[in-house]
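Down below is the structure, laid out as structure tokens.
Within every chain, numbering begins at 1; the chains are lettered A, B, ... in the order of the sequence lines, protein sequences first and strands thereafter.
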Amino acid sequence: MTDPIPSLPTAYDAAAIEASAQEFWQQNQCFKAVEDSAKEKFYCLSMLPYPSGALHMGHVRNYTIGDVVSRYQRMLGKNVMQPMGFDAFGLPAENAAIKHKVPAAQWTYSNIDYMRTQLKALGLAYDWSREVITCKPDYYRFEQALFIKLFEKGLVYRKNSVVNWDPVEQTVLANEQVSPDGRGWRSGALVEKKEIPQWFFKITAYAQELLDELDNLKDWPDSVKTMQRHWIGRSEGLEIDFALIDNAISDKLTVYTTRPDTLCGVTFISVAAEHPLAKHAAASNAELAAALADLSKGGTAEAEIEKAEKRGVALGIDAIHPITRAKVPIWAANFVLMGYGTGAVMAVPGHDQRDWEMASKYGLPITQVIRAPIDSGVDLTAGAYIDYGVCMNSGKYDGLAFKAAFEAIAADLSAAGRATRKVNFRLRDWGVSRQRYWGCPIPMLYRADGSSVPVPLDQLPVILPENVAFSGVTSPLKTDPNFINYTDPVTGEKLTRETDTFDTFVESSWYYARYCSPGANTMLDARANHWLPIDLYIGGIEHAVMHLLYFRFWHKVMRDVGFVSSNEPATKLLCQGMVVADTYYRQETEDGPKTYFTPTEVSVERDAKGRALRAILLKDSAPVVIGAVEKMSKSKGNGVDPQSMIDKYGADTVRLFSMFAAPPDQSLEWSETGVEGMHRFVKRIWRMVTEHLAAGATTGVFSNADATSEQKELRTQLHEAIAKVGRDVGERLNFNTAIAAVMELTNAISKFDETSDNARTLRQECWSAITLMLAPIAPHLCHQLWQMLGYRSLILDQPFPQAEACALVRDDVTLAVQVNGKLRGQITLAKSTANADIEAEAKIAVAKYLEGMTVKKIILVPGKLVSIVVA
RNA sequence: GCCCGAAUGGCGAAACUGGUAGACGCAGCGGACUUAAAAUCCGCCGGUUGGCUAAAACCACCAUGCCGGUUCGAUUCCGGCUUCGGGCACCA
């Protein structure tokens with residue numbers, strides 16, 4: 001089994017080893033996944049990249065994690081499927097088209113071609129025959145068909161909603177294109193909120209299920225589930241009608257509240273600036289119209305709205321309080337969202353901070369109607385009292401606590417027909433219309449009267465024209481008669497096409513399922529249920545809510561139209577941290593712009609302890625500022641090109657370092673000296689294996705009976721490492737400690753200098769196990785080492801090493817001895833020592849700390865420590 | 001503003017279920033080999049706290065962002081802060 005290799009390569013040559021392994025995998029189609037019901041399946045998926053131009057280190061980290069798990073699961077004997085694709089629609093392609101006059105399609109496809117070669121250079125075990133490119137009609141046609149199906153089921157509808165409007169460019173801006181002070185990124189103009197009709201998915205119809213099933217996602221991080229719970233935001237409250245006094249468009253205004261106990265503290269009502277009541281009042285009042293326009297200045301981002309000063313304007317309309325019958329004025333306020341609840345809230349300035357701020361600003365009355373259960377005095381001059389408490393100044397409800405007041409008011413108002421109990425969700429329906437070119441066309445048509453009809457199914461797909469030029473910043477679709485004009489093939493009716501495209505989250509909501517049905521002429525076929533749900537889904541924590549909620553929603557929709565049978569798309573989720581690096585910069589003036597430098601442009605001086613003292617720019621030898629450790633980005637100059645690292649050190653070193661530098665869910669600090677250290681480790685393994693093989697053939701069977709105590713010790717260390725690596729890679733997904741365990745074992749082998757047959761046999765066992773343990777992480781190296789160690793089999797399908805129970809057994813055990821919780825000694829005893837003898841030995845070991853003391857208690861933690869409590 | 005995280009030596013980190021804080025690696029320091037350098041190998045490496053010292057060894061004390069609590073024992077659990085990061089519905 002271990003016949004010597006005739007001519008051993010001498011120096012480690014990453015480029016040659018990696019090219020040869022990759023060629024072998026490609027020629028033998030090693031990673032092509034075929035449905036096989038005889039084997040347990042494992043679907044391992046990393047979030048697909050946006051083809052921005054080149055891979056960044058975040059991709060390398062994400063895809064290496066997926067690849068390590070895939071290769072490990074395969075060694076456990078599972079039928080592994082690991083696909084890859086490109087999320088190809090999106091804003092950057094359109095920005096490139098506008099700025100550099102390069103067609104979005106061309107820009108995207110050439111980026112994909114380059115990034116695919118980079119992924120291949122990393123040696124990732126992908127089944128490329130399943131590749132998905134979301135901007136191709138063969139992909140997006142199926143989401144157009146599903147959209148029409150959902151329209152027919154009533155899960156798609158059209159309504160007005162607000163967007164960021166740049167009044168100079170006359171275009172809609174993405175939140176990203178609005179500066180923090182509310183200005184357009186190109187024009188610098190103050191952005192306005194503008195209402196336009198848009199298409200929506202009724203995700204709220206699934207809100208309860210999306211919430212309930214979080215409990216079944218046992219292997220999702222709690223942080224993600226908590227974020228999703230809060231995002232869905234189920235609340236139980238009351239919809240209360242306030243009768244309107246002499247109003248032309250309605251006789252009542254409905255508000256939603258979770259705090260009906262504060263109802264008697266209502267001193268005004270706030271509605272959104274886009275609320276029908278506000279719009280109607282402004283129609284005949286130019287001054288009010290101007291005030292409302294001023295109120296809607298600024299972008300639509302929630303963070304911006306919440307941080308802005310609370311402002312409002314009185315509409316000159318009054319309502320009647322349903323209990324006190326008092327007159328309540330109605331205001332429009334900049335913090336009320338039309339898209340949430342009824343677009344109107346009852347204002348209780350005594351017990352809601354935002355209402356308090358608005359009331360304070362405009363001199364509206366602030367009434368206390370809740371007091372603390374144990375009355376400690378409440379000061380409403382400093383802010384609202386928002387805790388639950390007991391009603392006061394509330395007539396018959398005085399003295400009731402929250403729950404009792406809620407019930408009493410709900411019962412009374414329901415009986416009077418003025419309120420209904422209502423479960424509300426913070427989650428809003430998913431607006432999918434984008435006024436952009438580079439996206440999937442929304443397959444709808446408009447009649448001359450403005451009504452909408454779906455594109456007939458046999459006329460799908462609606463193909464996005466790829467060969468178009470931007471004349472300004474507006475989507476070319478909006479002015480392309482060839483695209484817009486549509487004649488019904490049956491009736492000859494002239495219609496116009498929808499020119500908006502889908503939110504790109506639509507494509508990324510179902511790509512994972514399409515990987516399971518490559519080439520199918522429906523969205524999915526029966527193969528989807530073979531692979532789904534995903535066994536491990538890996539991606540950045542930044543997707544914790546939006547993508548991962550849309551992805552769950554879409555899976556349920558596909559289930560309800562019969563494409564899949566599972567309820568959830570992924571059983572296990574791993575959110576990896578960011579890749580960060582040091583920054584270096586210079587700043588001429590205190591608030592002037594910072595000029596960033598890359599790590600290769602600077603030199604860092606250190607003191608005798610290795611502390612960084614200062615950094616100088618190599619070009620002019622003058623100092624630069626050592627900045628914070630930040631997420632890698634082009635603008636901060638701290639990005640490291642993965643390709644240059646692969647070229648310099650090889651993919652295996654890059655993969656090993658990415659897995660070693662931090663556990664997967666923490667941020668990873670890139671350090672080139674760290675990469676060099678990992679490269680040393682790789683070369684060390686190579687050299688040690690080469691030396692081991694040069695020492696001659698081994699007998700093949702290790703004899704425990706003849707083993708020296710050093711051999712027994714090394715063999716125990718080997719099997720301890722095997723047990724740890726299996727646990728760390730397979731269960732904990734902590735690849736950093738797995739690599740550390742292999743390093744420790746390597747250090748032990750290096751100290752082991754016996755040369756007997758038995759010793760060489762043990763060394764062969766060690767190197768074979770290390771090769772297998774590292775195979776998922778450094779696959780090219782291990783592919784080569786496996787052959788050098790004399791094995792003819794394919795390492796990809798070798799079983800992952802299992803620890804032998806008898807090799808793990810040690811005769812002695814070392815216990816820590818504590819006195820009053822402080823470590824005071826250690827004892828090493830035979831494993832079989834009786835408890836009474838252990839206690840006696842422990843007392844002897846720490847005798848000087850027990851002098852003059854009374855032993856009150858002895859706590860024995862088996863295999864770990866003895867804790868003696870004295871007084 | 002709201003929601004979710006994180007914080008441990010000079011640095012990245014480890015400690016898996018409340019049980020010996022700092023495994024493994026980087027940087028640094030000392031040594032071996034070498035004409036020399038590189039590479040490699042060996043050793044040291046929390047503390048400008050105290051004791052004993054010529055120095056070391058050794059011993060004690062302190063130390064896991066800050067303040068407090070529970071416990072024989074807390075990096076780990078609880079309460080209150082601080083700072084940094086992610087998300088907030090049109091970046092993906």
Can you tell which of B/C11, B/G86, B/A89 lies closest to the side chain of A/E669?
B/C11
Can you check the A/E542 CD to B/A89 P distance for me, whole Å?
15 Å
Which nucleotide in the list B/G12, B/C88, B/C59 gets nearest to the side chain of A/A303?
B/C88
Here the distance between atom P of B/G25 and atom CD1 of A/I685, to the nearest Å, is 12 Å
I want to confirm an ordering. Mapping A/Q826 and A/E306 to their closest nucleotides on RNA chain B, which one lands closer to the 5' end?
A/E306
Testing B/A60, B/G1, B/U40 for proximity to the side chain of A/Y849, the answer is B/A60
Check against side-chain contact (heavy atoms from CB on, under 4.5 Å), A/E669 and A/V629
CA-CA 8 Å; A/E669 194 171 317; A/V629 176; 3.9 Å; yes
Tell whether A/Q818 reaches the base of B/G19 with its side chain through a donor-acceptor pair below 3.5 angstrom.
yes
Taken to the nearest whole Å, CG/A/L656 to P/B/C24 is 18 Å
Any side-chain donor near an acceptor of the partner, A/T474 and A/T171, under 3.5 Å
no
Could you spell out the base pairing of RNA chain B in dot-bracket, with Watson-Crick or G-U pairs whose two distances are under 3.5 Å, [ ] crossing and | to another strand?
(((((((..(((......[....))).(((((.......))))).((.(((......)))))..(((((..]....))))))))))))....
Sugar-phosphate only, base, or nothing, as touched by A/F681 at under 4.0 Å among non-hydrogen atoms
nothing
Please determine whether a side-chain nitrogen or oxygen atom of A/R687 lies at a distance below 4.0 Å from atom OP1 or OP2 of B/C41.
yes
Salt bridge between A/D503 and A/R434, side-chain N to carboxylate O under 4.0 Å?
yes
Options B/A14, B/C61, B/C88, nucleotide nearest the side-chain atoms of A/E302:
B/C88
Checking contacts here: which listed nucleotide (B/G12, B/G25, B/G19) is nearest the side-chain heavy atoms of A/N747?
B/G25
Donor-acceptor pair between A/N160 and A/E195 side chains, under 3.5 angstrom
no
Starting at atom CD1 of A/I859, determine the distance to atom C1' of B/G19, rounded to an integer number of angstrom.
10 Å
Closest to the side chain of A/M227, out of B/G25, B/G12, B/G86, is B/G86
How long is the line joining NZ of A/K822 and P of B/C59, in whole Å?
16 Å
So A/K864, base contact, sugar-phosphate only, or nothing? Heavy-atom distance under 4.0 Å.
sugar-phosphate
Which of these nucleotides, B/G12, B/A92, B/C72, is closest to any side-chain atom of A/K857?
B/C72
Atom CG of A/N734 and atom P of B/G12: how far apart are they, to the nearest Å?
18 Å
Heavy-atom donor-acceptor pair, A/T673 side-chain to B/C26 base, under 3.5 Å:
no
Using a distance-only test with no angle check, is there a side-chain donor-acceptor pair under 3.5 angstrom linking A/R186 and A/Q177?
no
Would you tell me if any nitrogen or oxygen in the side chain of A/T504 comes within less than 4.0 Å of OP1 or OP2 on B/A92?
yes
Measure centre to centre between the rings of A/F735 and A/F660, then say whether the value is under 6.0 Å.
no
Does a side-chain N or O from A/Q666 land closer than 4.0 Å to OP1 or OP2 of B/G86, or not?
no
Not counting sequence neighbours, list each pair that qualifies as a side chain to side chain donor-acceptor pair (under 3.5 Å) and has a residue in residues 737-749 of chain A.
A/R684-A/N747, A/D728-A/T737
Let me confirm one number: the CG-CG distance from A/D665 to A/N734, rounded to the nearest 0.5 Å.
7.0 Å
Considering only the P atoms, how many Å lie between B/U75 and B/G19, rounded to the nearest integer?
11 Å
Find the distance A/W231:CH2 to B/G5:P and express it as a whole number of Å.
16 Å
Using only side-chain N and O atoms of A/H230, determine if any of them is under 4.0 Å from OP1 or OP2 of B/C4.
yes
Given B/C26, B/A89, B/C41, identify the nucleotide with an atom nearest to the side chain of A/R684.
B/C41
For RNA chain B, whose closest nucleotide is more 5', that of A/D503 or that of A/S867?
A/S867
Just how far is it from atom CG of A/L745 to atom CD1 of A/I722, taken to the nearest 0.5 Å?
8.0 Å
Counting any heavy atom closer than 4.0 Å, what does A/S52 reach on the DNA or RNA strands: base, sugar-phosphate only, or nothing?
nothing
Checking all strands, does A/Q435 fall into the base, sugar-phosphate, or nothing category for heavy-atom contacts under 4.0 angstrom?
base
In whole angstrom, what separates A/I541's CD1 from B/G86's P?
12 Å
Which part of the nucleic acid, if any, lies within reach of A/S750 when heavy atoms closer than 4.0 Å are counted: base, sugar-phosphate only, or nothing?
sugar-phosphate
Which nucleotide in the list B/C16, B/G86, B/C72 gets nearest to the side chain of A/R732?
B/C16
